[in-house]
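So that the names make sense, note that chain A is the first sequence line, chain B the second, and so on, each numbered from 1. Hydrogens, waters and symmetry mates play no part in the numbers below; they use all other heavy atoms, side chains included.
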Protein chains: 2
Amino acid sequence: MYDRLFHYIEQYSNSTLSESEKEVLTNTWKPQTLKKKAFFLREGELCNFAGFIVKGAMRQYTVDDNGIEHVSELAIENWWIVDRKSYFERTPATTYIEAWENTEMLVLKRSNLDIILEIPSIKEMFWQMNQRNQIASQQRLNDIVSLPASKRYENLQKKYPAIIERFPQHIIASYLGITKETLSRVRNRIAGKNP
Amino acid sequence: MYDRLFHYIEQYSNSTLSESEKEVLTNTWKPQTLKKKAFFLREGELCNFAGFIVKGAMRQYTVDDNGIEHVSELAIENWWIVDRKSYFERTPATTYIEAWENTEMLVLKRSNLDIILEIPSIKEMFWQMNQRNQIASQQRLNDIVSLPASKRYENLQKKYPAIIERFPQHIIASYLGITKETLSRVRNRIAGKNP
DNA sequence: TTTCTTTGTTGATCTAGGTCATCGTTTTGC
DNA sequence: GCAAAACGATGACCTAGATCAACAAAGAAA
């Protein structure tokens, strides 16, 4: 169960974890399973845990003043899921995080974060993770203002085909910032062009 | 000139810089001035410098396939300006960065980054900066899919009134993901509501 | 099986915001 | 000082995508 996490850390820190370090990790990261549709976090709560998905799929979303849900993040195996703002700044969460499938995670309690960051490869891994994440959301922001719906969908298909297979269309649509009807029509148009 | 930088670092690292650390900083961060309209970075180049703005204003933007500019970042005194992806991953820049006013900066060469990160308060400052930045772009992404143009403008007014005063409307419009005409009308409507 | 929920499609219509064009006003460069 | 550029406002029109509605199909639940 922990192997995926170790491997992830070693990959992104570009270094090897010692046995003692691995022990610290197993003492601070705890397994948690969530049934499909169960909430990992609700708006208004404190996000006390950061989760690494070992198996399953989750989605993060906000609810606006009109009660409309807007998907902000979709995550599957080997991804992190956390309300960063709430977790790092210890403020009430503005997002919901929900298991979309039955999901197994390893979760890091916020109060253990500082201990964990003493390990250089962990610090490096978090550093890289933040960097990558930031670049990705910058890219997403840019796409949303400069590309039409169809191009955004095609980009997602290219970049994260696995995501498209794991979530239904109305969730993907919301992630792309369009309605399910528009995504349905966009897919038809694209299919027409590539016979 | 360096005082602003020192102060910024001490503020966000929540610690005090020693004299020797300050010396390292003055040896690695170099002053650079840019005339209005001069480029700090062009698409395709390597972003070899991260800039801290001491005085002035800059904008970062991309140009899409149709030649339309999309403002991705606006920065004034005490802000950083850098193409993160290019700087950290050493890949060709996808953005332009241009001085909007005559600007004084302190710039950190990419090859000095690793030296600088040895100083704990610097590492901490970068950590915080990345964290904040990430949260901000997440917020911006959320706003753009969930709020109408008028609300986005009002939010910007509340959050960064200084930005609105320093840049012309067509730049602000692009930053908000709308056209200058729409911003003009939106402002009229808002002015009508608050007589 | 039967019922209920979730998912996806398609049509009709609407609208926020984009596009195009024009025209003052202000700034800037020389 | 003057021409040229940059800036901002406003009108007329257009369109990508939203909204509303109806319906089919496929799971999931019972």
Side-chain angles (χ1 to χ4, degrees), chain A residues 35-38 57-59 61 63-71 74 98-102 143-157 163-193, chain B residues 34-38 56-57 59 61 63-71 74 98-103 143-157 163-193:
Chain A
K35 285 247 174 76
K36 189 173 169 162
K37 301 272 163 172
M58 305 185 80
R59 72 162 179 148
Y61 63 94
V63 178
D64 72 18
D65 295 347
N66 304 316
I68 312 285
E69 295 176 4
H70 300 276
V71 173
L74 296 174
E98 176 197 35
W100 193 256
E101 305 172 356
N102 294 333
D143 283 2
I144 225 160
V145 299
S146 62
L147 301 178
S150 57
K151 263 265 162 288
R152 298 213 295 280
Y153 180 70
E154 285 174 329
N155 284 174
L156 181 63
Q157 266 187 323
I163 289 289
I164 293 189
E165 285 161 23
R166 295 287 276 278
F167 295 89
Q169 279 184 39
H170 67 275
I171 298 294
I172 302 286
S174 173
Y175 177 80
L176 292 172
I178 58 180
T179 59
K180 58 192 198 315
E181 292 92 338
T182 295
L183 180 55
S184 173
R185 291 186 243 263
V186 154
R187 281 168 45 95
N188 269 349
R189 258 183 286 144
I190 293 173
K193 278 194 291 189
Chain B
L34 283 178
K35 285 248 174 76
K36 190 172 170 165
K37 300 271 163 173
R59 71 162 179 149
Y61 63 94
V63 178
D64 71 18
D65 295 346
N66 305 315
I68 312 285
E69 295 177 2
H70 299 276
V71 173
L74 296 174
E98 176 197 32
W100 193 256
E101 306 172 357
N102 294 333
T103 300
D143 283 2
I144 225 161
V145 299
S146 62
L147 300 178
S150 57
K151 263 268 155 282
R152 298 212 296 279
Y153 180 71
E154 286 175 329
N155 284 173
L156 181 63
Q157 266 187 321
I163 289 288
I164 292 189
E165 286 160 24
R166 296 286 276 279
F167 295 90
Q169 280 184 40
H170 66 277
I171 299 295
I172 302 287
S174 174
Y175 176 79
L176 292 172
I178 57 181
T179 60
K180 57 192 198 315
E181 292 92 339
T182 295
L183 180 56
S184 174
R185 291 186 241 262
V186 155
R187 279 167 46 93
N188 270 348
R189 259 184 285 144
I190 292 174
K193 277 193 291 188

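Between Lys35(B) atom NZ and dT28(C) atom C1' there is a gap of 15 Å when expressed in whole angstrom units. One interatomic measurement links the two molecules: CG of Asn66(B) to P of dT19(C), which rounds to 9 Å at whole-angstrom precision. In this structure, the NZ atom of Lys151(B) is 16 Å from the C1' atom of dA16(C), given to the nearest Å. Between Tyr153(B) atom OH and dG17(C) atom P there is a gap of 15 Å when expressed in whole angstrom units.
Using a 4.0 Å heavy-atom criterion, one finds that Lys36(B) contacts the sugar-phosphate atoms exclusively.
A side-chain donor-acceptor contact under 3.5 Å links Asn102(A) to the backbone of Lys36(A). Using a distance-only test at 3.5 Å, with no hydrogens or angles considered, a donor-acceptor pair links the side chain of Ser174(B) to the main chain of Val71(B).
Among all heavy-atom pairs drawn from Leu176(A) and Arg152(A), the shortest one is O-NH2, 2.8 Å. When all heavy atoms are compared, the tightest approach of Ala99(B) to Lys35(B) is CB-O, 3.6 Å. Smallest separation of non-hydrogen atoms from Ile164(A) and Ile172(A): CA-CD1, 3.8 Å. Of all non-hydrogen atoms in Val186(A) and Ala149(A), the two that sit nearest each other are CG2-CB, 4.2 Å.
Residues satisfying the side chain to side chain contact (heavy atoms under 4.5 Å, CB included) test with Lys151(B), not counting sequence neighbours, are Leu147(B), Pro148(B), Glu154(B). Every residue meeting the side chain to side chain contact (heavy atoms under 4.5 Å, CB included) condition with Ile68(B), not counting sequence neighbours, appears here in chain and number order: Asp64(B), Asn66(B), His70(B). Glu181(A) is linked by a salt bridge (Lys or Arg N to Asp or Glu O under 4.0 Å) to nothing, counting only residues two or more places apart in sequence or in another chain.
Between Glu98(B) and Arg59(B), at least one side-chain nitrogen of the basic residue sits less than 4.0 Å from a carboxylate oxygen of the acidic one, meeting the salt-bridge criterion.
Taking the six-membered ring for Trp and thresholds of 30 and 60 degrees, His170(B) and Trp100(B) have ring planes more than 60 degrees apart, a perpendicular arrangement.
Taking side-chain N and O atoms only, Gln169(A) has a distance below 4.0 Å to OP1 or OP2 of dT9(C).
Using a 4.0 Å cut-off on heavy atoms, the residues of residues 170-186 of chain A that approach DNA chain C are His170(A), Glu181(A), Ser184(A), Arg185(A), listed by number.
Of all nucleotides in DNA chain D having an atom under 4.0 Å from a heavy atom of chain A, the first and last in 5' to 3' order are dG17(D) to dA21(D).
Terminal axes of the helix from dT1(C)-dA30(D) to dC30(C)-dG1(D) (five pairs each, C1' rotation axis) are separated by 60°, to the nearest 10°.
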